[in-house]
Amino acid sequence: QVQLVESGGGLVHPGGSLRLSCAASGSIFSIYDMGWYRQAPGKQRELVASITSGGNRRYPDSVKGRFTIDRDNSKKMVYLQMNNLKPEDTAVYYCNVVQEWDRGPWGQGTQVTVSS
């Protein structure tokens, strides 16, 4: 079980950038595949980036080329670099273990708002 605290969100104009951070706890953090999720008003939570324990990364087409996920196992941190942000990226962003059965509770998330 992993506990997570997200930070780094904010208000940006279209085309701007943000770097989100996720601080994790747990002595076996390094064995888990980690992901960033987002949930916009009226929409389901969706996975926007994942990174395996071995460092393999995957992204949906909606963010591919704009978002980059990374992890630092020594610091128990997961990051999401978001570039060329679009209004449709507006959502609350969460990090969590990808495998549902290994998850702890969801954190509070961090709000990302992209608006002119």
Side-chain angles (χ1 to χ4, degrees):
Q1 191 176 71
V2 176
Q3 293 177 303
L4 311 130
V5 179
E6 301 92 346
S7 63
L11 174 64
V12 296
H13 295 304
S17 298
L18 285 171
R19 184 176 186 248
L20 308 183
S21 297
C22 172
S25 65
S27 61
I28 55 173
F29 165 80
S30 63
I31 75 171
Y32 296 114
D33 298 347
M34 299 298 297
W36 281 96
Y37 301 76
R38 69 186 181 190
Q39 187 166 29
K43 295 186 177 181
Q44 294 183 338
R45 199 193 312 270
E46 63 173 334
L47 181 67
V48 297
S50 65
I51 182 166
T52 69
S53 60
N56 293 325
R57 299 166 173 84
R58 295 187 67 186
Y59 311 91
D61 289 342
S62 59
V63 309
K64 192 173 297 181
R66 300 189 298 119
F67 290 10
T68 303
I69 188 172
D70 203 0
R71 68 191 297 165
D72 185 335
N73 288 341
S74 67
K75 297 180 179 179
K76 298 182 179 181
M77 297 288 291
V78 187
Y79 307 98
L80 185 68
Q81 179 67 45
M82 305 186 294
N83 298 324
N84 192 24
L85 284 160
K86 304 176 180 180
E88 51 263 45
D89 296 319
T90 296
V92 178
Y93 284 71
Y94 306 86
C95 62
N96 217 325
V97 177
V98 171
Q99 290 83 6
E100 182 178 0
W101 55 91
D102 287 326
R103 288 178 188 164
W106 293 90
Q108 297 301 304
T110 185
Q111 176 72 49
V112 172
T113 302
V114 185
S115 176
S116 298

Please report the closest heavy-atom contact between Asp89 and Val114, naming both atoms and the distance.
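Heavy-atom minimum between the residues: CB-CG2, 4.3 Å.
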
Partners meeting salt bridge (charged side-chain N to carboxylate O under 4.0 Å, His left out) with [X] (sequence neighbours left out):
X: Lys64; value: Asp61
X: Arg58; value: none
X: Asp70; value: Arg57

Which residues satisfy the side chain to side chain contact (heavy atoms under 4.5 Å, CB included) test with Val92, sequence neighbours excluded?
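So Val92 forms a side chain to side chain contact (heavy atoms under 4.5 Å, CB included) with Tyr94, Gln111.
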
What residues, two or more places apart in sequence or in another chain, satisfy side chain to side chain contact (heavy atoms under 4.5 Å, CB included) together with Gln99?
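Listed in chain order: Asp33, Val97, Trp101, Asp102.
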
For Asn56, give me all partners under side-chain hydrogen bond (donor to acceptor under 3.5 Å, both in side chains), at least two apart in sequence or on another chain.
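Once residues adjacent in sequence are excluded, Asn56 has no partner under the side-chain hydrogen bond (donor to acceptor under 3.5 Å, both in side chains) criterion.
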
By the rule that ILVMFWY residues connect when side-chain heavy atoms come within less than 4.5 angstrom, directly or transitively, which residues belong alongside Tyr79?
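Met77, listed by chain and number.
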
Might you confirm whether atom CD of Glu100 has over 12 heavy atoms from other residues, nucleotides or ligands at distances under 6.0 Å?
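Open.
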
Strictly by salt bridge (charged side-chain N to carboxylate O under 4.0 Å, His left out), give each pair with a member in residues 3-17 just once, sequence neighbours left out.
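Pairs touching residues 3-17 that pass the test: none.
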
Val112 vs Met82 side-chain heavy atoms within contact, under 4.5 Å
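Val112 reaches Met82 side chain to side chain.
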
Can you check whether Asn73 reaches Arg71 side chain to side chain, under 4.5 Å on heavy atoms?
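Asn73 reaches Arg71 side chain to side chain.
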
Would you give me the side-chain donor-acceptor pairs under 3.5 Å for residues 12-24, sequence neighbours excluded?
{"from": "His13", "atom 1": "ND1", "to": "Ser115", "atom 2": "O", "distance (Å)": "3.2"}
{"from": "Ser17", "atom 1": "OG", "to": "Asn83", "atom 2": "OD1", "distance (Å)": "2.9"}

Indicate if Ile31 and Val78 have the same hydrophobic cluster label, given that clusters are the connected sets of ILVMFWY residues with side-chain heavy-atom separations under 4.5 angstrom.
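The answer is yes; both residues are in one hydrophobic cluster.
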
Scan residues 57-88 for pairs that pass disulfide (SG to SG under 2.5 Å), counting only residues two or more places apart or in two chains.
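Checked against disulfide (SG to SG under 2.5 Å) - neighbours excluded - no pair reaches residues 57-88.
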
Under the ring-ring contact (aromatic ring centres under 6.0 Å, His included) rule, what pairs show up with a residue in residues 35-72, not counting sequence neighbours?
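Residue pairs with at least one partner in residues 35-72: Tyr37-Trp106.
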
Output every pair passing side chain to side chain donor-acceptor pair (under 3.5 Å) with a member in residues 42-54, not counting sequence neighbours, ordered by first then second residue.
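Output for this query lists Arg38-Glu46.
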
Distance check, rounded to the nearest 0.5 Å: Ile51 atom CD1 versus Cys95 atom SG?
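Nearest 0.5 Å value for the CD1-SG distance: 12.5 Å.
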
